[in-house]
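These notes are about the structure you will find just below.
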Amino acid sequence: MGTAKPLTNRDVVRILREIAALLEIKGENRYRILAYQRAADAIEHLGRDLHALWQEGRLDEIPGVGEAIAAKIDELFRTGRLEYLERLEREYPRTLIELLDVPDLGPKRVRTLYEQLGITTLDELEQAARDGKLRTLPGFGAKTEAKILEGIQRLRRRSDRTLLGVALPRALDIVQTLREQVGSALVEIELAGSLRRRKATIGDMDIVAAAHDPDAVMEAFAALPQVAEVLWRGSTKTRVRLHTGDEVDLRVVAPERWGTALQYFTGSQAHNVRLREMALAQGLSLSEYSFKREDGSEILCAHEEEVYATLGLAWVPPELREDWGEIEAARMGTLPRLVTLNDIRGDLHMHTTASDGRLSLREMVEGARRRGYAYIAITDHSQSLGMVNGLDVERLRAQRAEIRALQVEYDDILILQGAEVEIKADGTLDYPDDVLAELDIVIASLHTALRQPREQITQRLLNAIRNPHVDIIGHPTGRLLLKRDGADLDMDAVLQAAAETGTVLEINASPERLDLDPVYVRQAIARGCLLAIDTDAHHTDDFANMQYGVWQARRGWAEARHILNTRSREAFEAWLASRRAS
DNA sequence: GCCGTTTTCGGCCCGACTGTTTTCAGTCG
């Protein structure tokens, strides 16, 4: 029994994926590989601490984790090691896994590279390609060699994912331009893939269209001004690289096949695999073109709803399509009624020029009124965050007078004075309790010392959650997408404490944060936590980010009733009063 | 390796495109 800190869910997911990758290179049975990948997916979506689940002896409750994988997880938690993986690594070095990231290199070719040339790293691969050694291998040629060399350069340069907030406007711009160029010949066009599912980060962009003359659409697509390079071009599928570096796929189908095509290209892959398995059980083969009966005849679906209906399912909102229980819910008729942007009545987290915001108090209030909000909270930073001009107690009180004066001018919006109070490295809050008590609403957030050990940083957050003056925890984990992982928190404990105290957890709508993650949104709801979707606006332009927060809430299966700021002004004020009374 | 509204054994998604092929393997989504 080691004394090292227990492995996190992420560690176990990484190990299971390593096993899957090495088994692929080894050429193992594909279903065994799939089993490891499915188990990794399930743990990624767990929302609970795997180690805690293991201690309770409940690993068998995880779908996709059977006897063999449970035994491996058990060994990992007991000993910190895994004999099976170590044996595998002696056969095929783990560095081979990074070679799989090179475009056009899959497990078969990686194995050939290793067995024939002894290549184990990117550097060695690059050298061999430069020396012209690759083209001599079976299944390789001069073209493949050149593509691999280019792929290595590209891999070293670019990060492989883009923020939804960056990718979505670019993709919508492509769609818009294409509409203008092709005109009425374009019957349908939609974003698909992870863009349509509104994942927080996007890999490649997928666009799907329906047209009677697919060639004309392909032609126009390849010729768009945004396109830098056509990567490949077929009769139904074209792939391009934009000047921005993004890779975009366009698929065009006949209008009568629009439903199956849109469904298929929206994914996720795991969701689609499940649907196809269901189809097979009914004697149907589902593809992006149609359902095929065993006699070869087809069922066409012009609309996505028909695809689901054919399988006996309710239509599933794209944000839920992750094989995360939505298929079962669609069968039972128990899909959630997801929150929408229309449900939002206010915004409880924003900054002004008093701290690091870019607009004045009045400008922010007027921006919120233009959005039709019934209430807002002004929540500038607290004193210890000097970098962003955090407010000391004196300035905080001066701001309150300003807010009260402004409130007199406007009766159509409730203006609360809050603060985004720093949870300091020592676990104390940045204002004393009596100052917190003067505020209308209090957000507590972590910004500093995010790398503290799990025990310590969890305790810090729990202190804040249990402080009776704290109403909301801002961006709970502190993650910055594609830049910085969140704090190593015991989320089981955090969600439990929030549920017990009624402290609200924020879904921060800033596209760089989108924190809580949907995995925890869902778990928070399951535990009875209340959530709020806030923009953390530093400018009225940021109010538009609310949509991103709503999408992530939807990905976490949130309904309007789970979100505090969907409540009417009266209901919201009643909630505030109850917080103050307790 | 997992799993069961046709199965505790025998299944486990489907198609496009490229390059190296002389009829197809590998990769990708």
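As a basis for the values below, the full set of heavy atoms in this structure was taken, side chains included, without hydrogen atoms, waters or symmetry mates. Since the model is a prediction, treat every value here as computed from it, not as a measurement. Just so it is clear: chains get the letters A, B, ... in the order the sequence lines come, proteins before strands, and each one is counted from 1.
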P gap between dG1(B) and dT5(B), integer Å: 23 Å
For the pair S290(A) (side chain) and I299(A) (backbone), establish whether a donor and an acceptor sit closer than 3.5 Å, ignoring hydrogens and angles. no
If you count every heavy atom of other residues, nucleotides or ligands that lies below 6.0 Å from K292(A) atom NZ, does the total exceed 12? no
R14(A) atom CZ, over 12 foreign heavy atoms within 6.0 Å: yes
Per atom distances to the W232(A) side chain, the nearest of dG1(B), dA16(B), dT18(B) is dT18(B)
Nearest-angstrom distance, P atom, dT21(B) to dG26(B): 12 Å
Is any side-chain nitrogen or oxygen of Y31(A) closer than 4.0 Å to OP1 or OP2 of dG1(B)? no
Would you say S235(A) places a side-chain N or O within less than 4.0 Å of OP1 or OP2 belonging to dA16(B)? no
Using the side-chain heavy atoms of A35(A), tell me which of these nucleotides is nearest: dG1(B), dT18(B), dC13(B). dG1(B)
For a quick check of understanding: with a heavy-atom distance under 4.0 Å over all strands, which category does A39(A) fall into, base, sugar-phosphate or nothing? nothing
For T238(A) and dA16(B), is the shortest distance between a side-chain N/O and OP1 or OP2 below 4.0 Å? no
Describe the nucleic acid contact of R233(A) in one word from base, sugar-phosphate, nothing, applying a heavy-atom distance below 4.0 Å. sugar-phosphate
What nitrogen or oxygen pairs link the protein and nucleotides 25-29 of chain B at under 3.5 Å?
residue : atom : partner : partner atom : Å
dT27(B) : OP1  : G106(A) : N            : 2.6
dT27(B) : OP1  : G106(A) : O            : 3.0
dT27(B) : OP1  : R109(A) : N            : 3.1
dT27(B) : OP2  : K108(A) : N            : 3.2
dT27(B) : O5'  : G106(A) : N            : 3.4
dC28(B) : OP1  : D104(A) : N            : 2.9
dG29(B) : OP1  : D204(A) : OD2          : 2.9
dG29(B) : N2   : Y264(A) : OH           : 2.5
dG29(B) : N3   : Y264(A) : OH           : 3.4

Below the 4.0 Å mark, does dC14(B) have OP1 or OP2 next to a side-chain nitrogen or oxygen of S285(A)? yes
Within less than 4.0 Å of OP1 or OP2 of dA16(B), is there a side-chain N or O belonging to Y289(A)? yes
Describe the nucleic acid contact of I33(A) in one word from base, sugar-phosphate, nothing, applying a heavy-atom distance below 4.0 Å. nothing
Got a donor-acceptor contact below 3.5 angstrom from the H243(A) side chain to the P225(A) backbone? yes
Measure from the side chain of K292(A), starting at C-beta and using heavy atoms only, and say which of dT18(B), dC2(B), dG15(B) lies closest. dG15(B)
